Amino acid sequence: ETSKSSSSWFSIHEWQTLLTSLQTNGRSVLDTFEKGDGKGYILYQPTNSKGNAASPEKNDTNTPHHEQQQQQHTDKRFLEFQPHLLSQHAHRPTLTYPSFSQAVDEFYTLLESQKRFARASANESAIQNRLVKIKSDQESRMEQLRVEQVMLCRNAQAVEMRSEDVDKALTVIN
């Protein structure tokens, strides 16, 4: 009975153990989920953006609570929410909430906040790029004006040095 079939990853004994466990504990898991008494979990992946993470000790009394909570999670990328923490996710970092409904609400709220933050960062980056281009263009124009100024000063000096010749030429023309 413990031999593995060619199409299955589990032995017959393992399947029987799983089936017994589901029959014994499955109903209580479903009941807990239906009552809404169970906890909720959000799985996340830490990000490497050190500059974006707000320190957990920071508690600005002028900032609303939900904004403070969103600021605390700027260093996380949210992956999914679950009503039960499954064994395969036990090694992953999680946020635990008193109810599954609260976890779902927070997940979508924080996910929307992350999207807004990403759009704002992209807009800020685009503005910075435009600013760099404008600054470079202005510096180029300033250099062109300096070159033109030097050339006009040389021409003015040449006219002053030959002012007598210029006066004679003007009298001939008039």
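Computed from heavy atoms alone, side chains included, the values below leave out hydrogens, waters and symmetry copies. Everything numeric in this text was worked out from a predicted model, so none of it was measured.
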Query raised in the report: Does the salt bridge (Lys or Arg N to Asp or Glu O under 4.0 Å) test come out yes or no for Glu112 and Arg119, once each step is laid out?
Result: CA-CA 11 Å; Glu112 185 61 33; Arg119 281 191 300 263; 3.7 Å; yes
Requested in this report: Report the C-alpha separation of Arg141 and Asp137 in whole Å, then their side-chain angles, then the decisive distance to 0.1 Å, and conclude whether the salt bridge (Lys or Arg N to Asp or Glu O under 4.0 Å) test is met.
Outcome: CA-CA 6 Å; Arg141 289 180 183 185; Asp137 185 48; 3.3 Å; yes
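- Counting heavy atoms from C-beta on, the side chains of Arg146 and Val150 never come closer than 4.5 Å.
- Without hydrogens or angle criteria, Ser136 side chain to Val132 main chain gives no donor-acceptor distance under 3.5 Å.
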Report task. Carefully, step by step, assess Lys76 and Ile42 under the rule side chain to side chain contact (heavy atoms under 4.5 Å, CB included). Result -> CA-CA 11 Å; Lys76 299 171 181 70; Ile42 295 179; over 6 Å; no
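- Sorted by first and then second residue, the side-chain hydrogen bond (donor to acceptor under 3.5 Å, both in side chains) pairs with a member in residues 157-170 form an empty list; sequence neighbours excluded.
- Contact record, Ala103 with Tyr41: CB-N, 3.9 Å, taken as the closest heavy-atom pair.
- In this structure, CD in Glu80 is found 11.5 Å from OG1 in Thr94, a value given to the nearest 0.5 Å.
- Nearest approach of Lys39 to Thr96, heavy atoms of both residues: CD-CG2, 3.7 Å.
- With contacts defined as side-chain heavy-atom distances shorter than 4.5 Å, the pair Leu95/Glu106 does not qualify.
- At a threshold of 4.5 Å between non-hydrogen side-chain atoms, the residues Asp105 and Gln102 do not count as touching.
- A donor-acceptor contact shorter than 3.5 Å is absent between the side chain of Ser125 and the backbone of Ser121.
- For the atom pair CD (Glu148) and CG (Asn155), the distance works out to 10.5 Å, reported to the nearest 0.5 Å.
- Cluster partners of Leu170, by chain and number: Val159, Val166. The rule joins Ile, Leu, Val, Met, Phe, Trp and Tyr whenever side-chain heavy atoms lie under 4.5 Å apart.
- Between Phe78 and Phe107, the ring planes are perpendicular. Angles over 60° get that label, and only those under 30° would be called parallel.
- Residues Leu19 and Trp15 do not share a hydrophobic cluster, defined by chaining ILVMFWY side chains whose heavy atoms lie under 4.5 Å apart.
- Within a 6.0 Å radius of CD in Gln138, other residues, nucleotides and ligands contribute more than 12 heavy atoms.
- Residues Gln82 and Leu43 share a closest heavy-atom pair of NE2-CD1, 3.4 Å.
- You'll find the side chain of Lys135 reaches within 4.5 Å of the side chain of Glu139, heavy atoms only.
- Annotation: the span from Asp75 atom CG to Gln45 atom CD amounts to 12.0 Å, rounded to 0.5 Å.
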